[in-house]
Amino acid sequence: MVGGREVNQEELVAAAAAFQEALAPGDGGREIAVMGRLNRVLLSWATVHGAALLLAPSPESQVGSAVWARPTVFHGTAAELAALRRAVEEERPPFWDRRKDRLPFGRLRTVLWSGEGPSEEESAFWERKGVRVGKLPAL
């Protein structure tokens, strides 16, 4: 059930496809997503596309989980995106990988938010880093 209504398999597959469309194109490798709370759209997408999902055990550990896992996708609230931004600003890649065009954590291509969206400044920060910013598709 979602929002008090039953969701069928076709709706879940369609939601997974919409989520895949929201992602920045990748190199064809396995997607790795970090999320702070369970979400049917993300679970459906991971099932359909064979992605790895990392569910942070507590809100306080979500950014730490993202730094450790080096995801391709991060999902969170505007506040969680701001916390991730601080981690990216503090990131020090190894000396052999200090290219200016390097993605955050080496491969973060997409950040998705739910609830109230991030500020324009926040969105601009991610876009300057080459990261696509978007709202999590609804089911």
Side-chain angles (χ1 to χ4, degrees):
M1 288 217 154
V2 174
R5 72 176 183 86
E6 196 168 313
V7 179
N8 64 36
Q9 181 178 359
E10 290 80 23
E11 289 174 298
L12 289 173
V13 171
F19 185 87
Q20 184 68 25
E21 286 296 315
L23 301 181
D27 59 8
R30 185 173 194 189
E31 299 285 357
I32 301 168
V34 171
M35 53 193 271
R37 61 199 57 78
L38 289 175
N39 179 288
R40 286 184 192 252
V41 173
L42 284 164
L43 293 172
S44 300
W45 165 75
T47 300
V48 170
H49 293 280
L53 278 182
L54 179 61
L55 179 61
S58 67
E60 300 82 35
S61 67
Q62 186 176 9
V63 170
S65 296
V67 171
W68 172 79
R70 297 178 39 242
T72 59
V73 180
F74 181 88
H75 169 253
T77 63
E80 291 162 342
L81 291 180
L84 186 66
R85 173 187 178 168
R86 288 189 293 277
V88 167
E89 290 172 333
E90 295 170 4
E91 180 189 26
R92 298 288 177 255
F95 71 89
W96 64 83
D97 195 10
R98 296 196 184 209
R99 297 170 300 190
K100 295 284 186 214
D101 62 341
R102 181 179 174 274
L103 290 169
F105 311 122
R107 61 182 170 197
L108 179 66
R109 297 187 325 271
T110 307
V111 293
L112 298 167
W113 49 270
S114 58
E116 187 176 325
S119 68
E120 286 184 31
E121 177 187 335
E122 189 72 28
S123 294
F125 168 82
W126 291 110
E127 289 166 1
R128 281 192 307 275
K129 293 284 188 182
V131 177
R132 182 179 288 179
V133 180
K135 181 167 176 53
L136 180 70
L139 183 62

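All figures in this text were calculated on a predicted structure; none of them were measured in a lab.
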Closer than 3.5 angstrom, by distance alone: can the side chain of [X] be matched with the main-chain N or O of [Y] as a donor-acceptor pair?
{"X": "Glu91", "Y": "Arg86", "answer": "no"}
{"X": "Thr110", "Y": "Ala24", "answer": "yes"}
{"X": "Thr72", "Y": "Ile32", "answer": "yes"}
{"X": "Arg109", "Y": "Val131", "answer": "no"}
{"X": "Thr77", "Y": "Glu80", "answer": "yes"}

Residues, nucleotides or ligands: over 12 heavy atoms within 6.0 Å of Glu10 CD: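 Count over threshold, so yes.
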Heavy-atom neighbours of Glu116 CD exceed 12 at 6.0 Å: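 Not more than 12 within 6.0 Å, no.
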Smallest separation among heavy atoms of [X] and [Y], with atom names:
{"X": "Ala56", "Y": "Ser61", "value": "CB-OG, 3.8 Å"}
{"X": "Leu84", "Y": "Val63", "value": "N-CG2, 3.7 Å"}
{"X": "Phe105", "Y": "Ala87", "value": "CZ-CB, 4.4 Å"}
{"X": "Trp126", "Y": "Leu81", "value": "CZ2-O, 3.6 Å"}
{"X": "Gly130", "Y": "Leu103", "value": "O-CD2, 3.7 Å"}
{"X": "Val41", "Y": "Pro137", "value": "CG2-O, 3.5 Å"}

Residues Val73, Glu31; criterion side-chain contact (heavy atoms from CB on, under 4.5 Å); working and verdict: CA-CA 7 Å; Val73 180; Glu31 299 285 357; 4.0 Å; yes
Donor-acceptor pair between Glu60 and Ser58 side chains, under 3.5 angstrom: yes
Please round to the nearest 0.5 Å and tell me the distance separating atom [atom1] of [X] and atom [atom2] of [Y].
{"X": "Trp45", "Y": "Gln20", "atom1": "CH2", "atom2": "CD", "answer": "6.5 Å"}
{"X": "Leu53", "Y": "Met35", "atom1": "CG", "atom2": "CE", "answer": "5.5 Å"}
{"X": "His49", "Y": "Leu23", "atom1": "NE2", "atom2": "CG", "answer": "8.5 Å"}

side-chain contact (heavy atoms from CB on, under 4.5 Å) assessment of His75 paired with Leu136: CA-CA 8 Å; His75 169 253; Leu136 180 70; 3.5 Å; yes
Trace of the side-chain contact (heavy atoms from CB on, under 4.5 Å) decision for Val48 with Phe19: CA-CA 11 Å; Val48 170; Phe19 185 87; over 6 Å; no
Pairwise side-chain contact, Val34 with Gln62, heavy-atom cut-off 4.5 Å (strictly under): yes
Shared hydrophobic cluster, Leu108 / Trp68 (ILVMFWY, side-chain heavy atoms < 4.5 Å):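 In one cluster with Leu108: Trp68, yes.
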Leu42 with Trp113, same ILVMFWY side-chain cluster at under 4.5 Å: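 Not linked; separate clusters.
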Residues in side chain to side chain donor-acceptor pair (under 3.5 Å) contact with Ser65, at least two apart in sequence or another chain: none
Set of side chain to side chain donor-acceptor pair (under 3.5 Å) partners for Ser123, sequence neighbours left out: none
side-chain contact (heavy atoms from CB on, under 4.5 Å) evaluation trace for Glu122 with Arg85: CA-CA 8 Å; Glu122 189 72 28; Arg85 173 187 178 168; 3.2 Å; yes
side-chain hydrogen bond (donor to acceptor under 3.5 Å, both in side chains): pairs with one or both residues in residues 21-30, sequence neighbours excluded: none
